[in-house]
Chemist: 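Starting off with a structure, shown below.
These numbers come from the heavy atoms of this one structure, side chains and all, not from hydrogens, waters or symmetry mates. First the proteins, then the strands, lettered A, B, ... as listed; each starts at 1.
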Amino acid sequence: VRQRCARLLPDYLRPAVVAVLAELPTLPTGKRDTAAVAAALAEHIGRRATGGRPAGTRWERLVIEEFQAQLGEQVQDVDADFFELGGHSLLAARVVAALRTRTGLPVSMRHLLEQPTAAAVGAALAELDASAGA
Amino acid sequence: MTGSAVLRWETPAAGAAPLLVLPPAGVAVGRYRAWADWLGPAADVLGVQLPGRERRWRDPHPESLASAAEGIADELEALAGSRPVTIYGHSFGGLLGYELACRLVARRAEVRALVVGGCRAPELWPGAGERLLADLANAADPWLADSAELDADMQAILLDLLGKDARLAATFTGPYPQPLPCPIVAVAGCLDGFASPEQMRGWQGHTAASFRLLLVDGGHFFHDERPEPLRAALTGLLRDAVAREEI
């Protein structure tokens with residue numbers, strides 16, 4: 001959506017916030033309930049500002065950096081799903097390869113596919129590091 | 001974690017015609033999310049994700065091509081409603097697209113066109129047996145073949161997935177005697193070692209409407225390497241579909 005807007009619209013018309021709703025709330029008449037949409041957006045903004053969990057460990061920071069490098073955009077939340085953020089399996093392979101090069105740890109595509117979040121991949125790296133040191 | 005079999009990444013423009021994309025064996029559909037932008041506002045791009053890929057990594061593989069197609073048809077109805085769908089399937093995705101098209105027609109859903117790329121005619125799939133996996137592996141994704149990212153582990157994952165898709169292709173019980181009521185467009189890469197233009201001509205016998213064989217430069221992955229002729233063909237079909245809806 002952002003890419004399409006960036007191509008079609010001047011920047012002052014581009015939306016700053018994009019949220020996905022399961023369905024558009026409607027009034028009993030069938031018209032869109034704009035007040036309910038506004039409330040849902042406000043909730044989305046609030047959650048993003050406060051609830052998005054930033055990277056805590058250095059492993060999580062590393063993974064976030066590689067997610068961002070492949071996705072070409074900021075990633076705020078360590079619990080965000082790489083594939084929902086726009087990632088696909090070729091980009092995932094590049095993330096894993098970069099993480100292996102940077103850490104020297106045998107992190108695998110399987111780790112990312114099992115749970116495609118920076119938190120989970122970060123935890124896998126921490127565990128690999130601990131067992132490499134032992 | 002269980003994912004959907006049919007994905008829509010972008011909100012379609014009003015009146016856009018649904019295009020269902022079915023990727024080759026061993027390939028996840030995520031890389032085609034860019035097609036929504038690439039094909040422009042006439043297309044409502046929907047991607048088919050089989051198990052073992054991306055968000056469907058943990059989902060069990062379907063038991064047969066038929067059950068895979070039924071599952072896709074169910075989800076497609078929910079997303080595309082009664083709008084006639086154009087199907088693009090590449091290689092193994094073309095065979096699955098044919099199976100799906102036959103089932104949609106049996107459900108009285110309208111298929112606008114079946115477009116197959118790098119995909120042998122359906123009568124050439126049964127009986128390929130063990131050779132099929134070797135053929136598919138030989139034709140495998142050039143991005144992976146010369147990629148530094150392809151370590152032993154990735155290779156094992158890819159081969160496992162190719163094997164599962166090849167076994168799925170082996171459950172194909174067609175081709176079906178009744179030709180499809182929609183046009184078929186076969187797009188063949190001149191240098192394709194998996195599906196040569198000759199091996200694609202047989203698609204002609206499976207439509208009661210029009211047939212077109214479109215020859216393009218490139219090998220099995222022409223849709224990734226030199227996608228321009230394919231884009232022109234698809235956007236042409238979709239614009240026709242949109243124009244017909246508006247009449």
Side-chain angles (χ1 to χ4, degrees), chain A residues 1-9 15 18-24 32 37 66-67 69-73 79-117 119-121 124 128, chain B residues 1-4 7-13 16 21 23-24 26-41 43-45 47 49-59 78 141-161 221 224:
Chain A
V1 177
R2 285 182 191 285
Q3 273 175 19
R4 187 112 121 220
C5 289
R7 222 186 29 172
L8 298 173
L9 299 173
V18 177
V20 178
L21 302 180
E23 57 184 343
L24 279 177
R32 275 177 206 165
V37 172
E66 292 307 327
F67 277 12
Q70 292 305 329
L71 295 168
E73 61 180 55
D79 297 314
D81 184 307
F82 180 70
F83 296 116
E84 298 216 322
L85 292 169
H88 55 72
S89 45
L90 303 189
L91 299 181
R94 292 195 186 125
V95 166
V96 172
L99 288 173
R100 251 196 325 259
T101 310
R102 286 181 69 180
T103 64
L105 296 169
V107 61
S108 154
M109 185 72 170
R110 288 168 209 277
H111 292 114
L112 198 148
L113 284 165
E114 285 286 335
Q115 235 181 311
T117 66
V121 178
L128 288 167
Chain B
M1 179 169 60
T2 293
S4 304
L7 308 176
R8 174 188 270 142
W9 299 284
E10 304 262 356
T11 312
V21 180
V27 173
V29 80
R31 70 163 90 173
Y32 300 106
R33 68 187 297 152
W35 279 30
D37 260 348
W38 186 65
L39 290 169
D44 171 14
V45 176
Q49 188 81 287
L50 286 179
R53 296 140 157 94
E54 294 173 352
R55 298 207 70 208
R56 303 201 67 196
W57 167 246
R58 292 183 186 193
D59 293 354
D141 200 336
W143 182 88
L144 290 165
D146 43 57
S147 153
E149 285 94 356
L150 188 64
D151 59 9
D153 187 48
M154 274 290 295
Q155 213 159 1
I157 290 175
L158 181 70
L159 265 179
D160 180 59
L161 195 54
F221 276 76
D224 279 335

Chemist: Distance from B:Glu54 atom CD to A:Leu112 atom CG, nearest 0.5 Å?
Modeler: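 Nearest 0.5 Å value for the CD-CG distance: 10.5 Å.
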Chemist: How close do B:Met154 and A:Ala93 get, heavy atom to heavy atom, and via which atoms?
Modeler: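 That closest heavy-atom pairing would be CE-CB, 3.9 Å.
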Chemist: Going through the distances and angles, do B:Trp57 and A:Arg110 end up as a side chain to side chain contact (heavy atoms under 4.5 Å, CB included)?
Modeler: CA-CA 9 Å; B:Trp57 167 246; A:Arg110 288 168 209 277; 4.1 Å; yes
Chemist: Would you name the heavy atoms of A:Phe83 and B:Arg33 that are closest together and state the gap between them?
Modeler: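 Looking at all heavy atoms of both residues, the closest pair is O-NH1, 3.5 Å.
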Chemist: Which heavy atom in B:Asp153 sits nearest to a heavy atom in A:Met109, and how many Å separate them?
Modeler: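 Closest heavy-atom pair between B:Asp153 and A:Met109: OD2-N, 3.7 Å.
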Chemist: Indicate the atoms forming the closest heavy-atom contact of A:Leu90 with B:Arg31, along with that distance.
Modeler: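 Heavy atoms only, the tightest pair is CD2-NH2, 3.7 Å.
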